[in-house]
2 protein chains.
Amino acid sequence: MIIDKNSPVPQYFQLQTWLMEQIDQGVFKPGDRIPTEEELSGITGLARATIRQAVQNLVNMGHLERKRRLGTFVLSREQTRDQRPLIGILIPDIRSGYAPELARGAQDEAARSQYSLILCNTDDLAIKAAHHADRLIEHRVGGVIFVPTAAPDQQNIRILETFRQRGIPVVLADRPLADAECDLVTTDNFEGGRTAVRHLVSLGHTRVAVILSTLYSSERARLAGFHAALAEAGVTPSPELIVTTDDPFSEKKCEQQARALLKRYPGFSAVFAGHDRIAYQVMAAADDMGIRIPADISLVGYDDLNIPHSVSVPLTTMHQPIYEMGVESMKQVMRRVHGDTGEWVERVLTSRLVERSSVAELRPGRR
Amino acid sequence: MIIDKNSPVPQYFQLQTWLMEQIDQGVFKPGDRIPTEEELSGITGLARATIRQAVQNLVNMGHLERKRRLGTFVLSREQTRDQRPLIGILIPDIRSGYAPELARGAQDEAARSQYSLILCNTDDLAIKAAHHADRLIEHRVGGVIFVPTAAPDQQNIRILETFRQRGIPVVLADRPLADAECDLVTTDNFEGGRTAVRHLVSLGHTRVAVILSTLYSSERARLAGFHAALAEAGVTPSPELIVTTDDPFSEKKCEQQARALLKRYPGFSAVFAGHDRIAYQVMAAADDMGIRIPADISLVGYDDLNIPHSVSVPLTTMHQPIYEMGVESMKQVMRRVHGDTGEWVERVLTSRLVERSSVAELRPGRR
DNA sequence: TTTGTCTAATTGTATAGACAAATATACAAA
DNA sequence: TTTGTATATTTGTCTATACAATTAGACAAA
């Protein structure tokens, strides 16, 4: 029996549910005609008005289509005016760093499957991320790509949870989050930092300075790579050559730190900058102080920002596959949207050193 | 009489229309209770089932809300479970030029009203824009900010029309479109070009070269400003100093053109570049050819890209209020979404000259 | 070939009436 | 004060019935 007259569930709703089941199970396939209202009335024992109420709801939901004189038909997933999912992307600031590249990669991949991308700037603030999250939920996004904010992991996890509670899959991009139960697409910041500093070491630099912010786990990993590379070479870095801050990047603060560091010259022969914008500040400060790059000091950056090549010295830097990170994040979130419930995936993309002109071999005789 | 029994228009539909009119005219205000189904039955002479059909439709559309025992209520625009509108933004490429700044301005303004922004990259291709347009329509965006593609105006107009047919308001950003019937937020490219070249003229430069692409109306307007400023000074520019292309910007092509132009030195003393990326190519080429900026040649750009200031020569350039353009575009499209049906608005933001170090006064004696 | 007409099938619109379920409100009881 | 209970009101669900509108397809006419 399809309909239980004694159930507290309204009979039109029972019928509606039954019809959906038939469609989901493929009994009524897309394009099929379902029984006429008269027939359904006979099958279920309900009045035609009740049948209509059930069918109307499914029509409203986009699962069925009525055609006068012909009957009522099952719509295929494509015909369903049920829109394709929206995907939200939460990034710090579309204007800065790798964000444009990441967003573009994600958008291109989304477009390939005719998905659309909602852009949210968090400014690395958990509170802004939370507001955007509410909005994304309201818009019923199918999934989210989330670059964790600079806030403590716990706050980022909370944002993650708001999505999780609603069954919205989230893929973390770029920065991992401790204890986060979700997919992650990132780059090998530890390996990258090690590669960069190994390069310096291989050219004879042992007194290597580093300058970066410890606010972000990605930069902390690069710092760890820095230590690892020096340790391999049997070098213990002197503390005064490790310049860190736990504030977000600011040109002014960074310039001050760069100047302070450069005053110690010639106490070191190379600088590893946590990212390119820091590197360019170091470059500008060195220029100003009459220190030549790479003759006096070698400099390695991180990110490989696309800068017009009229800079005074083309920067040797670690190139991150940011565009690809956007693509992979989107691919992964789309897999989840399509119902993939497999193990959490951790995808680590490898960065590579791009040698330009800001690094020189250390002249023998100096150390 | 509310209902015309002889009309071919179904009576439930007549009632539905009437109810909407009452709401729109403020007879039933948001939060008000409309007459009970019984009362409406009395007023219209229709059966309760018919009343329900009309009311149900309005409930489905999000205009009314039923509460058991209390009645049926008019929802305010905000309560409407109808999500807050999405706004689409169609820009060439989020990675390049002013796009990030524009997108950020738009997104910030959207966030203030809790709107969300769907990002679409057109790569200046009409076909991509059209695909994105379909997607945006599918997602029922409330409005669109559209930076016209580099394709002929007619093709852009066609995209505009697809939105218009569905009552989706469009605001053009940055580039105007001939005969386009919609709002426009742009900057004064003609004035900007004139200001830049006037600046050169005021420092004694009369033999001024220009290099830009005529593919975009914005750059064409800057070229017109270039001519205007020279005309004011009674100077007729020599044709070989006007270097144009009608291809989109490419580093390679631009570098070739810059080199070709610079070979004519000292046939001119200043260059006006159509935008900063061109300017930086000129700067690099000059560097390479041993021509000093600004000692030998003065250089003015356009856009004021936020470049780390380790470039060899800080660029004097026209700063465009791009962020503000994003904000204003969003404000305007939101006004339209909220039902503003006033005259088409044309908002022109003014750019300003930012003097840095790439322009020098022409030494007297030379011309 | 094209055009018009008829027919039967199916959804669309509409009525009249009945009982169910939820709930604001008032009032009673603890 | 809090808690329970009754009541009236309104929407929610459902039946049974009738006729209208639309249209695929068959068939006829031009």
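Both backbone and side-chain heavy atoms feed into the values below; hydrogens, waters and symmetry mates do not.
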Checklist line | Any donor-acceptor N/O pair under 3.5 Å between C:dG12 base and A:R48 side chain | finding: yes
Sugar-phosphate, base or nothing in reach of [X], heavy atoms under 4.0 Å:
{"X": "B:Q53", "result": "sugar-phosphate"}
{"X": "A:Q11", "result": "sugar-phosphate"}
{"X": "B:Y12", "result": "sugar-phosphate"}

Side-chain heavy-atom pair [X], [Y] within 4.5 angstrom cut-off:
{"X": "A:D153", "Y": "A:D179", "answer": "no"}
{"X": "B:L102", "Y": "B:M325", "answer": "yes"}
{"X": "B:I3", "Y": "B:L46", "answer": "yes"}

Check: Can you tell which of B:E328, B:R335, B:R336 makes a side chain to side chain contact (heavy atoms under 4.5 Å, CB included) with B:V345?
Finding: B:R336
Item checked: salt_bridge(A:D108, A:R104) N-O dist < 4.0 Å ->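 Salt bridge: yes.
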Next item on the list: Between C:dA24, C:dT10, C:dT15, spot the one nearest the side chain of B:L46, thanks.
Entry: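 Comparing C:dA24, C:dT10, C:dT15 against the side chain of B:L46, the answer is C:dT15.
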Next item on the list: Return the nearest nucleotide to the side chain of A:R33; candidates are C:dT11, C:dT10, C:dA14.
Entry: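 In terms of side-chain proximity for A:R33, the closest of C:dT11, C:dT10, C:dA14 is C:dT10.
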Next item on the list: Could you tell me, to 10°, how much the axis swings from one end of the helix from C:dT1-D:dA30 to C:dA30-D:dT1 to the other, five pairs per end?
Entry: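 Inter-axis angle at the termini of the helix from C:dT1-D:dA30 to C:dA30-D:dT1: 20°.
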Item checked: Segment of DNA chain D, first to last nucleotide, that comes within the 4.0 Å heavy-atom reach of chain A ->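 For DNA chain D, the relevant span reads D:dT13 to D:dA24.
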Notebook entry, point to check: Would one find more than 12 heavy atoms of other residues, nucleotides or ligands at under 6.0 Å from atom CD of B:E161?
Noted result: yes
Margin query: Taking CD in A:Q25 as the centre, count heavy atoms belonging to other residues, nucleotides or ligands within less than 6.0 Å. Is the count above 12?
Written below: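 Enclosed: over 12 neighbouring heavy atoms sit under 6.0 Å from CD of A:Q25.
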For atom [atom1] of [X] and atom [atom2] of [N], their distance in whole Å:
{"X": "B:Q14", "N": "C:dA14", "atom1": "CD", "atom2": "C1'", "answer": "13 Å"}
{"X": "A:L40", "N": "C:dT11", "atom1": "CG", "atom2": "C1'", "answer": "13 Å"}
{"X": "A:K67", "N": "C:dG12", "atom1": "NZ", "atom2": "P", "answer": "13 Å"}
{"X": "A:R66", "N": "C:dA9", "atom1": "CZ", "atom2": "C1'", "answer": "15 Å"}
{"X": "A:R52", "N": "C:dA14", "atom1": "CZ", "atom2": "P", "answer": "11 Å"}
{"X": "B:E38", "N": "C:dA16", "atom1": "CD", "atom2": "P", "answer": "12 Å"}
{"X": "B:L15", "N": "C:dA14", "atom1": "CG", "atom2": "C1'", "answer": "13 Å"}
{"X": "B:Q16", "N": "C:dA14", "atom1": "CD", "atom2": "C1'", "answer": "15 Å"}

Note to self: Strictly below 4.0 Å: does A:T72 bring a side-chain N or O up to OP1 or OP2 of C:dT11?
What the structure shows: yes
Note to self: Please check this pair: side chain of B:T72 against backbone of B:E65, looking for a donor-acceptor N/O pair closer than 3.5 Å.
What the structure shows: no
Check: To the nearest 0.5 Å, what is the distance between CZ (A:F163) and CG (A:L136)?
Finding: 5.0 Å
Check: Closer to the 5' end of DNA chain D via nearest nucleotide, is it B:E39 or A:K5?
Finding: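 So the residue in question is B:E39.
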Checklist line | From B:E38, B:Q53, B:E37, residue fulfilling side-chain hydrogen bond (donor to acceptor under 3.5 Å, both in side chains) relative to B:R48 | finding: B:E37
